[in-house]
Amino acid sequence: MKKNFAIAVIALLSYPSFSQNDIPSKAKALLAKMTLAEKIGQLNLIIPGGAAVTGSVVSSDVENKIKNGQVGGLFGITSPAKVRKAQELAVKGSRLQIPMIFGLDVIHGHKTIFPIPLGLSASWDMGLIEQSARIAATEASADGLNWAFSPMVDIARDARWGRISEGSGEDPYLGGQVAKAMVHGYQGDDLSKNNTIMACVKHFALYGAAEAGREYNTVDMSRIKMYEYYLPPYKAAVDAGAGSIMSSFNEIDGVPATGNKWLLTDLLRKEWGFKGFVVSDYTSLNEMTAHGVGDLQTVSAQSLKAGLDMDMVGEGLLTTLGKSVKEGKVAVADIDKACLRILEAKFKLGLFDDPYRYIDEARTAKDILTPANRQAARNIAAHSMVLLKNNHQVLPLKKSGTIALVGPLADNKRNMLGTWVVAGDWRESVSVLEGIKNVTGNSVNILTAKGANLTDDSLFAKRTNALGIEVEIDTRSPQAMIDEAVAAANQSDMIVAVVGEAADMSGESSSRADISLPASQQNLLKALSKTGKPLVVVLINGRPLTLVWENDHATAILEAWAPGTEAGNAVADVLFGNYNPSGKITATFPRSVGQIPIYYNHKNTGRPFDGTGFPKFKSNYLDESNDPLYPFGYGLSYTSFQYSPVKLSRTVLKGEEKLTASVTLQNTGRYAGEEVVQLYISDPVASVTRSVKDLKGFQKILLQAGETKEISFQITTEQLSFFNYDLKKVWEPGKFVIHIGTNSSEVQSAALQWNK
Ligand code: NOJ
């Protein structure tokens, strides 16, 4: 009997090839052969020790669990050899020979590292963003992996939150476009190909709205705010076909996301039609106990019934579901549903056709960190950089003369990759010093000095260094370091100061209450500024910073983010004009931390402040402006662009008619350059209050010096629609204002009437 069964299973597993339509029936047939314990085993995702952990628990007894059919997938291991060994345990050692899925935090590249996602989004170039994910998928699959814990699409309006670096900033429309591009990049058009991998959209949901920007903190918001501003990027990723989604650490309406039925079933599956599987975040199921909703058995049963399919690391499902079934607290049918979704994902990935499909030792050398991948990383990094200031056109720099290249990040590889890089090796990265030498050859005389520590605060340094030494505190005194940098500056024509954050001063568990440059670096910049030499500040960092002094005193500021493997080359390309910067920030830069949360698509209030003086009893501050330092969508170019007034194809419309709004854009400067032309719409009167304006479209346009182009946007009632009080997406007739411009504050506007 047993033997026949085994033959039947092997026949099933080695079924030559089947169409994607056969998957549900194949998965069901396999499910029918499984014991309850084996079904529960599929819901278990663990991490072997020694891998990149993001919690206090690491899995134990991994080999035996795999052989016993108690593991559905592994994450945190790389290299085909290791993946093969683990897959063999599952396929040769377990009764049903069900292959495992192999995941990893492939966040902004696998081994060729691209800019942090906040930087990627600042490129506003969906083609390049998709390319970065495509390359990441090719490299990750060449390392034996088939599942990426990306894209992270959490909207963030609070720069104190370290993980603002991992997402696309504050705007739901842009966030949705990026989500779509990333999912397509990872998954391609056929998940079963050996160079496409399954995306995992995270963190579902609202994780970016943690109170006070403190990591893992409580989230509480109205449904309208969720639907209008926070949920669209997850929805866009689901619509793009993302195969999996990760539940978040936070609570929603008082129920932790991992056990929230409204979220995981009513919204995700019933309303949005999601067909993939849901995995928890790292022990987020177990953490429901600390949230205060019950013991492990209770929260495991709750989560499964809420719609969770796979449990990351905590093994709550593995260890309690059997008991819960016996006690009648969980139905086998619920376990079946979850198990089926995991099996279906494995069928989609082609793992039942060939469990070793993604394991090809030859590909590692051929596909990873190739010159072409590095070239793409250099190009994408250059496109992500944002020119924040450029007085007297000091940039681009001439490839001659003497430059003082100073700052703790000037000759530094360790911090170029940014946060959340599991497989990338910082030793592969190009420092800014190396990049400048590569780009200028011997034509520029470079004097270097560290000038300052990333921070002199040893406790801050120690906390930043929790995962490895990123901040090294020099044995010299801060003053001696500054003196050296000032001496270099005095002998130079100009100063390039590379300052900012260590890689893990932003990212997970890296919230900051003070988001200015650390004092050591501010002191350096102050001393440099006193020399009177032109001061170009290059920022390497993972979040919007408060930069009022820097903006007042630096001659130029280039926001380079954490640019990735090709950091230095890309910075040099931009500084010396090989690439004319075109990035625009996707998260507002506040003037001071007290303004947070600050974001462009805010409401008007009943007592709006027009920005002048201090009218009492208006919505303003006694001691700070309402305006940000740099608004959403802001970024300069080496050239200049001029916008004509907005032209509308008509000013009165009806029903489903279409509107064309256009501007004439002229490159009025001396260089060819790209401009991100942004379309915003305001709806001044509606049944619920609306934002002052919302981004509804954008186009990235290349214009030669002197060139003029007409830029048009087609507008339909879809772009007028919003979630009303009953959470129905509607548009209401009346007046609308169309704004087109270079950032969310500087726009040309025209009004129209749109009737039903
Ligand atoms: C916790 C993080 O929140 C999540 O983004 C990541 O994918 C997992 N750890 C796995 O490393």
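Residues Ser384 and Leu120 are not in side-chain contact: their nearest non-hydrogen atoms beyond the backbone lie 4.5 Å or more apart. Two residues are said to be in side-chain contact when any heavy atoms from C-beta on lie closer than 4.5 Å; Thr586 and Leu118 meet this criterion. Annotation: side chain of Asp171 is not in contact with side chain of Tyr599 (no heavy-atom distance under 4.5 Å). Side-chain contact check for Ser150 versus Val106: every heavy-atom pair is 4.5 Å or farther apart. Using a 4.5 Å cut-off on side-chain heavy atoms (C-beta onward), Ile107 and Val421 make no contact. You'll find the side chain of Glu166 reaches within 4.5 Å of the side chain of Trp420, heavy atoms only. Within the 4.5 Å cutoff, side-chain heavy atoms of Thr742 are placed close to those of Glu675. Here the side chains of Thr455 and Thr464 are not in contact, with every heavy-atom distance at 4.5 Å or above.
Counting non-hydrogen atoms of other residues, nucleotides and ligands closer than 6.0 Å to NZ of Lys526 gives a total above 12. Remark: Lys462 NZ is loosely packed, at most 12 non-hydrogen atoms of other residues, nucleotides or ligands lying under 6.0 Å away. Around the CZ atom of Arg214, the shell of radius 6.0 Å holds no more than 12 heavy atoms that belong to other residues, nucleotides or ligands. Within a 6.0 Å sphere centred on CD of Glu472, heavy atoms belonging to other residues, nucleotides or ligands number 12 at most. Environment of CG in Asn442: sparse, with no more than 12 heavy atoms of neighbouring residues, nucleotides or ligands closer than 6.0 Å. Dense packing is recorded around NZ of Lys700, with more than 12 heavy atoms of other residues, nucleotides or ligands lying under 6.0 Å away.
Under the 4.0 Å criterion applied to side-chain N and carboxylate O atoms, Glu501 and Arg543 are assigned as salt-bridge partners. Residues Arg163 and Asp154 are not paired through a salt bridge, judged by the lack of any N-O separation under 4.0 Å between the basic side chain and the carboxylate. In this structure, Arg157 does not pair ionically with Glu170, as no charged nitrogen and carboxylate oxygen lie closer than 4.0 Å. For Lys584 and Glu674, the salt-bridge test fails: no basic side-chain N is under 4.0 Å from an acidic carboxylate O.
For the pair Tyr638 (side chain) and Val574 (backbone), a donor-acceptor distance under 3.5 Å is present. Judged purely by atom type and a 3.5 angstrom limit, Ser511 uses its side chain to pair as donor or acceptor with the backbone of Glu215. No side-chain donor-acceptor contact under 3.5 Å links Ser429 to the backbone of Leu417. Without hydrogens or angle criteria, Asp573 side chain to Asn379 main chain gives no donor-acceptor distance under 3.5 Å. Checked by atom type and distance alone, the side chain of Asn743 pairs as donor or acceptor with a backbone atom of Glu746 at under 3.5 Å. No donor-acceptor pair under 3.5 Å is formed between the side chain of Asp105 and the backbone N or O of Val422. For the pair Ser492 (side chain) and Ile495 (backbone), a donor-acceptor distance under 3.5 Å is absent. Not one N or O on the side chain of Ser744 forms a donor-acceptor pair closer than 3.5 Å with the backbone of Pro631. No donor-acceptor pair under 3.5 Å is formed between the side chain of Gln704 and the backbone N or O of Gly706. Remark: side-chain polar atoms of Asn465 are paired, donor with acceptor, to backbone N or O of Glu470 under 3.5 angstrom.
We find the CD1-CE distance between Ile113 and Met416 to be 14.0 Å, quoted to the nearest 0.5 Å. To the nearest 0.5 Å, atoms CG (Asp474) and CE (Met481) are separated by 4.0 Å. Going from atom CG of Leu409 over to atom CG of Asn412 covers 5.0 Å, rounded to the nearest 0.5 Å. Taking CE of Met494 as the reference point, atom CG of Leu397 lies at 5.0 Å (rounded to 0.5 Å). Residue Thr565 holds its OG1 atom at 9.0 Å from CG of Asp425, rounded to the nearest 0.5 Å. Separating the CG atom in Leu703 from the CZ atom in Phe641 is a distance of 5.5 Å, to the nearest 0.5 Å.
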Given the rule in the side-chain hydrogen bond (donor to acceptor under 3.5 Å, both in side chains) test, do Asn667 and Thr639 qualify, once you have shown the distances and angles that lead to the verdict?
CA-CA 7 Å; Asn667 180 341; Thr639 194; 2.5 Å; yes

Please walk me through it: do Trp124 and Tyr173 pass ring pair (Phe, Tyr, Trp, His ring centres under 6.0 Å)?
CA-CA 12 Å; Trp124 296 62; Tyr173 174 75; 9.0 Å; no

For Lys530 and Val486: C-alpha separation, side-chain torsions, deciding distance, then whether side chain to side chain contact (heavy atoms under 4.5 Å, CB included) applies.
CA-CA 9 Å; Lys530 283 195 193 129; Val486 167; over 6 Å; no

Stepwise side chain to side chain contact (heavy atoms under 4.5 Å, CB included) test for Val444 and Ile403:
CA-CA 7 Å; Val444 177; Ile403 293 178; 3.7 Å; yes

Can you list the steps and then say if Asn523 with Gln479 is a side-chain hydrogen bond (donor to acceptor under 3.5 Å, both in side chains)?
CA-CA 9 Å; Asn523 294 339; Gln479 192 55 49; over 6 Å; no

Could you give me the CA-CA distance, side-chain angles and deciding distance for Met182 and Val153, then say whether side chain to side chain contact (heavy atoms under 4.5 Å, CB included) is met?
CA-CA 10 Å; Met182 299 280 292; Val153 303; over 6 Å; no

Would Leu539 and Leu388 count as a side chain to side chain contact (heavy atoms under 4.5 Å, CB included) if you check the C-alpha gap in whole Å, the side-chain angles of each, and the deciding distance to 0.1 Å?
CA-CA 10 Å; Leu539 293 165; Leu388 296 175; 4.2 Å; yes

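Between Gly213 and Asp158, the shortest heavy-atom distance links the atoms N-OD2, 3.1 Å. The shortest non-hydrogen separation linking Ala560 to Val571 is CB-CG2, 4.0 Å. Asp627 approaches Gln595 most closely through the heavy-atom pair O-NE2, 2.9 Å.
The aromatic ring centroids of Tyr680 and Tyr600 lie less than 6.0 Å from each other.
Each of Lys111, Glu139, Arg378 was compared with Asn373 under the side chain to side chain donor-acceptor pair (under 3.5 Å) criterion, and only Glu139 meets it.
For the 3.5 Å distance criterion, the side chains of Asn580 and Ser637 qualify, holding a donor opposite an acceptor. If you check the side chains of Ser592 and Glu624, you find a donor sitting under 3.5 Å from an acceptor.
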